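Below is one structure, written out as structure tokens; the observations come after it.
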Amino acid sequence: MMASSSLSVATPAQVCSSKSGMFVPSTALAKPSRVKMVKGLEKERGMTVICQATSISAENVPDMEKRKLLNLLLLGALSLPSGIMLVPYTYFFVPPGGGGGSGGTVAKDALGNDIVVAEWLKNHGPGDRTLSQGLKGDPTYLVVESDRTLATYGINAVCTHLGCVVPFNSAENKFICPCHGSQYNNQGRVVRGPAPLSLALAHCDIDDGKVLFVPWTETDFRTGEAPWWSA
């Protein structure tokens with residue numbers, strides 16, 4: 001006579017954990033045939049087994065502090081070489097001209113050399129207007145007066161319309177912008193649009209024999225108005 005055996009129905013709590021969503025080891029050890037029998041009984045009785053997994057909060061994740069530390073180390077390792085690579089670009093955008101004793105900027109020629117007044121006047125005659133590197137690295141004209149002296153002002157060559165560099169037309173004795181036709185007289189005062197304003201000015205001083213540009217903050221002698229570039 002065969003011995004009868006009874007099989008108890010596993011509850012949903014025994015099948016799945018409501019917090020971790022992991023299968024309970026006690027039921028996982030059951031033989032496949034018994035698992036099928038349990039499922040069959042549950043199906044006959046209209047039972048539904050639901051397995052639901054829930055997320056674990058960051059505070060309960062093991063070694064979270066170590067992960068944060070590793071993330072910070074990784075960020076630092078990436079930032080250091082990036083910062084080193086940005087240094088040359090910073091020097092590229094910063095004008096190389098050094099400041100003078102009075103807070104101005106020493107003018108530079110086309111080769112980047114300091115402009116010495118005596119040498120400049122030897123090579124540039126009366127009425128000459130030649131570009132140099134001025135305040136903030138802007139192209140600035142040095143003006144030679146009719147008596148072969150350097151004018152006390154420099155003329156910023158940046159057009160007040162859209163920022164083109166305006167060349168000096170010696171034949172017409174005025175500045176003519178090649179972009180949109182704006183014109184300025186030989187002192188940089190606007191005489192024809194579409195440029196709305198005159199070219200900016202800078203003081204042209206002499207310091208230790210070198211040309212020194214200093215910001216112009218007083219009244220514009222060409223228009224009698226306050227300097228728009230100092231606003």
Side-chain angles (χ1 to χ4, degrees), residues 92-231:
F92 176 79
F93 288 106
V94 175
S102 59
T105 300
V106 177
K108 304 284 186 180
D109 60 18
L111 299 177
N113 300 316
D114 294 348
I115 295 178
V116 179
V117 177
E119 295 179 1
W120 184 267
L121 293 176
K122 287 181 181 179
N123 302 313
H124 299 82
D128 180 80
R129 284 156 175 78
T130 302
L131 282 174
S132 64
Q133 180 177 292
L135 297 172
K136 299 180 181 179
D138 286 347
T140 305
Y141 284 100
L142 287 175
V143 179
V144 180
E145 301 285 18
S146 58
D147 59 355
R148 301 189 65 90
T149 60
L150 201 63
T152 58
Y153 62 91
I155 304 172
N156 192 308
V158 179
C159 183
T160 58
H161 179 218
L162 291 179
C164 298
V165 175
V166 184
F168 180 69
N169 188 318
S170 58
E172 298 191 30
N173 194 32
K174 58 184 175 182
F175 298 94
I176 302 177
C177 182
C179 297
H180 301 94
S182 298
Q183 296 185 13
Y184 310 83
N185 69 3
N186 59 6
Q187 291 182 328
R189 181 174 62 86
V190 63
V191 294
R192 176 180 173 181
L197 300 166
S198 299
L199 297 176
L201 294 175
H203 284 289
C204 184
D205 298 337
I206 300 176
D207 182 30
D208 195 22
K210 297 181 179 180
V211 178
L212 185 71
F213 285 120
V214 179
W216 189 294
T217 58
E218 58 270 23
T219 302
D220 185 346
F221 69 89
R222 304 165 301 180
T223 63
E225 300 175 354
W228 60 264
W229 56 88
S230 296

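Nothing here was measured: the structure is a model prediction, and the numbers come from that model. Throughout, numbering of the chain's residues begins at 1 and tracks the sequence.
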Are [X] and [Y] side-chain neighbours, meaning at least one heavy-atom pair lies under 4.5 Å?
X      : Y      : result
Asp114 : Lys108 : yes
Val165 : Leu131 : yes
Val117 : Val211 : yes
Arg189 : Thr223 : yes

For residues 174-231, the disulfide bond (SG atoms under 2.5 Å apart) pairs (sequence neighbours left out) are Cys164-Cys179
Let me have the donor-acceptor pairs involving side chains of residues 166-175, under 3.5 Å, with sequence neighbours excluded, atom names and distances please.
unit_1, atom_1, unit_2, atom_2, d
Asn169, OD1, Ala171, N, 3.0
Asn169, OD1, Glu172, N, 3.1
Lys174, NZ, Gln183, OE1, 2.6

Applying side chain to side chain contact (heavy atoms under 4.5 Å, CB included), name anything that partners [X], two or more places apart in sequence or on another chain.
X      : result
Ser230 : Thr217, Pro227
Asp208 : none
Ala202 : Leu135, Phe213

| request: Hey, could you give me each pair passing ring pair (Phe, Tyr, Trp, His ring centres under 6.0 Å) that has a residue in residues 107-130? Not counting sequence neighbours. | output: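 Sorted result for residues 107-130: Trp120-His124.
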query = Could you give all pairs that pass the ring pair (Phe, Tyr, Trp, His ring centres under 6.0 Å) test and reach residues 186-212, with sequence neighbours left out?
reply =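 As it turns out, the ring pair (Phe, Tyr, Trp, His ring centres under 6.0 Å) pairs with a partner in residues 186-212, which skip direct neighbours, are His203-Trp216.
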Residues 122-133 vs salt bridge (charged side-chain N to carboxylate O under 4.0 Å, His left out), sequence neighbours excluded, gives none
Q. CG/Leu212 to CD1/Ile206 distance, rounded to the nearest 0.5 angstrom?
A.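 The distance works out to 10.0 Å.
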Rounded to the nearest 0.5 Å, the CD1 atom of Ile115 sits from the NZ atom of Lys210 at a distance of 11.0 Å
With a 3.5 Å cut-off and sequence neighbours excluded, list the donor-acceptor pairs that the side chains of residues 150-162 form with protein atoms.
unit_1, atom_1, unit_2, atom_2, d
Asn156, OD1, Val158, N, 2.9
Asn156, ND2, Asp138, OD2, 3.3
Thr160, OG1, Tyr184, OH, 3.3
Thr160, OG1, Leu197, N, 3.4
Thr160, OG1, Leu197, O, 2.6
His161, ND1, His180, ND1, 3.4

Item to check | Partner residues of Asp147 under the side-chain hydrogen bond (donor to acceptor under 3.5 Å, both in side chains) criterion, sequence neighbours left out | outcome: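 side-chain hydrogen bond (donor to acceptor under 3.5 Å, both in side chains) check on Asp147 returns Thr149.
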Under the side-chain hydrogen bond (donor to acceptor under 3.5 Å, both in side chains) test, residues paired with Arg222 that sit two or more places apart: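 By the side-chain hydrogen bond (donor to acceptor under 3.5 Å, both in side chains) rule, Arg222 matches Asp220.
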